[in-house]
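These numbers come from a predicted model, not from an experiment. These values consider heavy atoms only, across backbone and side chains, with no hydrogens, waters or symmetry-generated copies. Residue numbers count from 1 along this sequence.
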Amino acid sequence: HVQLVESGGGSVQAGGSLRLSCAASGQTWSANCMAWFRQAPGKEREGVANIYRGAGNTYYADSVKGRFTVSEERVTNTLYLQMNDLQPEDTAIYYCAAYMTIGGSYCSKQSSAYSYWGQGTQVTVS
């Protein structure tokens with residue numbers, strides 16, 4: 001199993017920045033894909049960004065391209081999401097997720113593929 005703990009959420013004005021962190025522990029070798037999802041009130045959970053560990057292949061939702069950057073620090077097993085130029089529509093609970101993909105070097109955009117989830121961290125943009 002892999003345990004995921006997010007941090008770094010908070011409240012910020014439009015145009016501001018935040019950096020989310022996700023600390024992974026446990027059997028981290030069993031997950032080669034890590035991702036950020038978000039869920040706003042009354043909306044479905046959506047994929048924001050993901051990264052294939054090691055190779056560094058990334059994916060971004062169109063709504064965050066050019067503003068958000070996903071990265072990992074392998075030594076500490078930490079996933080980051082740098083969020084710049086935040087807008088009110090970015091307000092949501094942000095979740096870190098992980099799973100093992102077999103074959104290929106890209107990660108799924110679907111939340112159903114992910115086996116491990118953090119508890120979430122709130123981001124509010126006003």
**OP:** Under the side-chain hydrogen bond (donor to acceptor under 3.5 Å, both in side chains) rule, collect the residues that match up with Thr69, sequence neighbours excluded.
**Re:** none
**OP:** Only counting residues at least two apart or in another chain, list the ones meeting side chain to side chain contact (heavy atoms under 4.5 Å, CB included) with Ala31.
**Re:** Val2, Ala98
Original post:
For Lys65, what residues pass the salt bridge (charged side-chain N to carboxylate O under 4.0 Å, His left out) criterion, not counting sequence neighbours?
Top reply: Asp62
Subject >> Residue pairs fulfilling side chain to side chain donor-acceptor pair (under 3.5 Å) with at least one residue in residues 99-116, sequence neighbours excluded >> reply: Asn57-Ser105
**OP:** Any pair with a residue in residues 18-29 that passes salt bridge (Lys or Arg N to Asp or Glu O under 4.0 Å), sequence neighbours left out, goes on the list, sorted by first then second residue, please.
**Re:** none
Original post:
Listed by chain and number, what are the salt bridge (charged side-chain N to carboxylate O under 4.0 Å, His left out) partners of Glu72, not counting sequence neighbours?
Top reply: Arg53, Arg74
**OP:** Would you mind listing every disulfide bond (SG atoms under 2.5 Å apart) that reaches into residues 33-92, with sequence neighbours excluded?
**Re:** Cys33-Cys107
Subject >> Test item: Leu4 and Met34 side chains (from C-beta on) under 4.5 Å apart, heavy atoms >> reply: yes
Original post:
Remaining members of Val75's ILVMFWY cluster at a side-chain heavy-atom cut-off under 4.5 Å?
Top reply: none
Name the atoms and distances for all side-chain donor-acceptor pairs under 3.5 Å in residues 7-18, with sequence neighbours left out.
from, atom 1, to, atom 2, distance (Å)
Ser17, OG, Asn84, OD1, 3.0

Subject >> All pairs passing ring-ring contact (aromatic ring centres under 6.0 Å, His included) where residues 49-70 contributes a residue, at least two apart >> reply: none
Subject >> Residue list, side-chain hydrogen bond (donor to acceptor under 3.5 Å, both in side chains) with Ser126, at least two apart or on another chain >> reply: none
Original post:
Taking only residues at least two apart or on different chains, which pairs with a member in residues 22-39 satisfy salt bridge (Lys or Arg N to Asp or Glu O under 4.0 Å)?
Top reply: Arg38-Glu46, Arg38-Asp90
